[in-house]
Amino acid sequence: QVQLVESGGGLVQAGDSLRLSCAASGRSFSRYAMGWFRRAPGKEREFVAAISGNGEGIRYADSVKGRVTISRDNAKNRVYLQMNSLKPEDTAVYYCAGQTSYDSFYDVTTSSSEYASWGQGTQVTVSS
């Protein structure tokens, strides 16, 4: 399995932007579909965005669509989450996750249960 380390979180004001980064170690990074999930205080973990191994399959949660962009650089074994126009309700711990299956190079899943590799998370706090 791939090992994942997130970075880039922090304390920002509403309307600001942040770019989260996830560094992956291990073999065959491009075989993995990668996802970003988040857990807000007192809430369940929720899907944010995901990208297929080839970078062409992308999905976003409705709550972030239009404000968030997921991307990956397979040469650097990294996946990114660019977040713009941040809102206080975006406050959460953000997790990077990796999923490999027969179609993960081309497609993605939004279900956290299908992701086997997880990072430790990075805190994003948005003040109003």
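All values reported here derive from a predicted model rather than from experimental measurement.
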(request) Check Phe29 against Val79 and note the closest heavy-atom contact, atom names and distance. (result) CZ-N, 4.4 Å

(message) Can you tell me if Glu44 has over 12 outside heavy atoms packed within less than 6.0 Å of its CD?
(response) no

(message) Does the structure place the NZ or CZ of Arg19 under 6.0 Å from the centre of the six-membered ring of Tyr80, at an angle of no more than 45° from the ring's axis?
(response) yes

(message) Return the CG to OH distance between Leu20 and Tyr94, rounded to the nearest 0.5 Å.
(response) 7.5 Å

(message) Minimum heavy-atom separation for Ser17 and Gln82, please, with both atom names.
(response) CB-NE2, 3.9 Å

(message) If we ignore hydrogens and angles and just use 3.5 Å, is the side chain of Thr125 paired with the main-chain N or O of Leu11 as donor and acceptor?
(response) no

(message) For Val12, is there any backbone N or O sitting under 3.5 Å from a side-chain donor or acceptor partner on Ser127?
(response) yes

(message) Once disulfide bond (SG atoms under 2.5 Å apart) is applied, what residue pairs with a partner in residues 77-128 remain, sequence neighbours excluded?
(response) Cys22-Cys96

(request) Evaluate the criterion side-chain hydrogen bond (donor to acceptor under 3.5 Å, both in side chains) for residue pair Ser111 and Thr109; output intermediate values, then yes/no. (result) CA-CA 6 Å; Ser111 172; Thr109 176; 4.9 Å; no

(request) Heavy atoms only: give me the nearest Ala14-Ser128 pair and the separation to one decimal. (result) CB-CA, 4.4 Å

(request) Working to the nearest 0.5 Å, report the span between CG of Asp90 and OG of Ser63. (result) 7.5 Å

(request) Measure the spacing between CD1 of Ile51 and CD of Glu56 and express it to the nearest 0.5 Å. (result) 9.5 Å

(message) For Thr91 and Glu89: C-alpha separation, side-chain torsions, deciding distance, then whether side-chain hydrogen bond (donor to acceptor under 3.5 Å, both in side chains) applies.
(response) CA-CA 5 Å; Thr91 295; Glu89 50 263 44; over 6 Å; no

(message) Strictly below 4.0 Å, N to O, side chains only: are Lys65 and Asp62 in salt-bridge contact?
(response) yes

(request) Tell me whether the centres of the aromatic rings in Trp36 and Phe47 are closer together than 6.0 Å. (result) no

(request) Please check if Val68 and Val108 belong to a single hydrophobic cluster, counting links between Ile, Leu, Val, Met, Phe, Trp and Tyr side chain heavy atoms closer than 4.5 Å. (result) no

(request) To the nearest 0.5 Å, tell me how far Met34 CE sits from Ile58 CD1. (result) 13.5 Å

(request) Locate the shortest heavy-atom distance separating Gln3 from Gln1; write the atom from each residue and the value. (result) NE2-O, 2.9 Å

(message) Could you check whether any side-chain N or O of Asp16 sits under 3.5 Å from a backbone N or O of Gln13, counting only pairs where one atom can act as donor and the other as acceptor?
(response) yes

(request) Take Phe37 and Tyr115 through the ring-ring contact (aromatic ring centres under 6.0 Å, His included) test and state the conclusion after the steps. (result) CA-CA 11 Å; Phe37 294 79; Tyr115 287 80; 5.2 Å; yes

(request) Could you please spell out the steps behind the side chain to side chain contact (heavy atoms under 4.5 Å, CB included) verdict for Ser117 and Leu4? (result) CA-CA 7 Å; Ser117 301; Leu4 305 170; 4.1 Å; yes

(message) Checking side-chain contact (heavy atoms from CB on, under 4.5 Å) between Tyr32 and each of Asn77, Asn74, Val2, which is the one that passes?
(response) Val2

(message) Is it the case that atom CZ in Arg67 sees more than 12 heavy atoms from other parts of the structure closer than 6.0 Å?
(response) yes

(request) For the pair Arg39 and Glu46, find out whether any cationic side-chain nitrogen is under 4.0 Å from an anionic carboxylate oxygen. (result) no

(request) Report the C-alpha distance between Val93 and Arg38 in whole Å, list the side-chain angles of each, state the deciding distance to 0.1 Å, and finish with yes or no for side chain to side chain contact (heavy atoms under 4.5 Å, CB included). (result) CA-CA 5 Å; Val93 178; Arg38 67 186 182 186; over 6 Å; no

(message) Can you confirm whether Tyr60 sits close enough to Val48 that some side-chain heavy atom of one is under 4.5 Å from a side-chain heavy atom of the other?
(response) no

(message) Let's go through Ser101 and Glu114 carefully: what are the C-alpha distance in whole Å and the side-chain angles of both, what is the deciding distance for side chain to side chain contact (heavy atoms under 4.5 Å, CB included) to 0.1 Å, and is it a yes or a no?
(response) CA-CA 9 Å; Ser101 66; Glu114 297 192 39; over 6 Å; no

(request) Verify side chain to side chain contact (heavy atoms under 4.5 Å, CB included) between Val126 and Val124, making sure each step is shown before the conclusion. (result) CA-CA 7 Å; Val126 185; Val124 172; 4.1 Å; yes

(request) Specify the closest pair of heavy atoms between Thr122 and Gly9, including all atoms of both residues, with the distance to one decimal. (result) OG1-N, 3.2 Å

(message) Can you tell me which residue among Arg78, Lys76, Glu6 is in a side-chain hydrogen bond (donor to acceptor under 3.5 Å, both in side chains) with Ser21?
(response) Arg78

(message) To the nearest 0.5 Å, what is the distance between CZ on Arg45 and OH on Tyr95?
(response) 8.0 Å

(message) Testing the basics here: between Arg72 and Ala33, what is the closest heavy-atom pair and its distance to 0.1 Å?
(response) NH1-CA, 4.1 Å

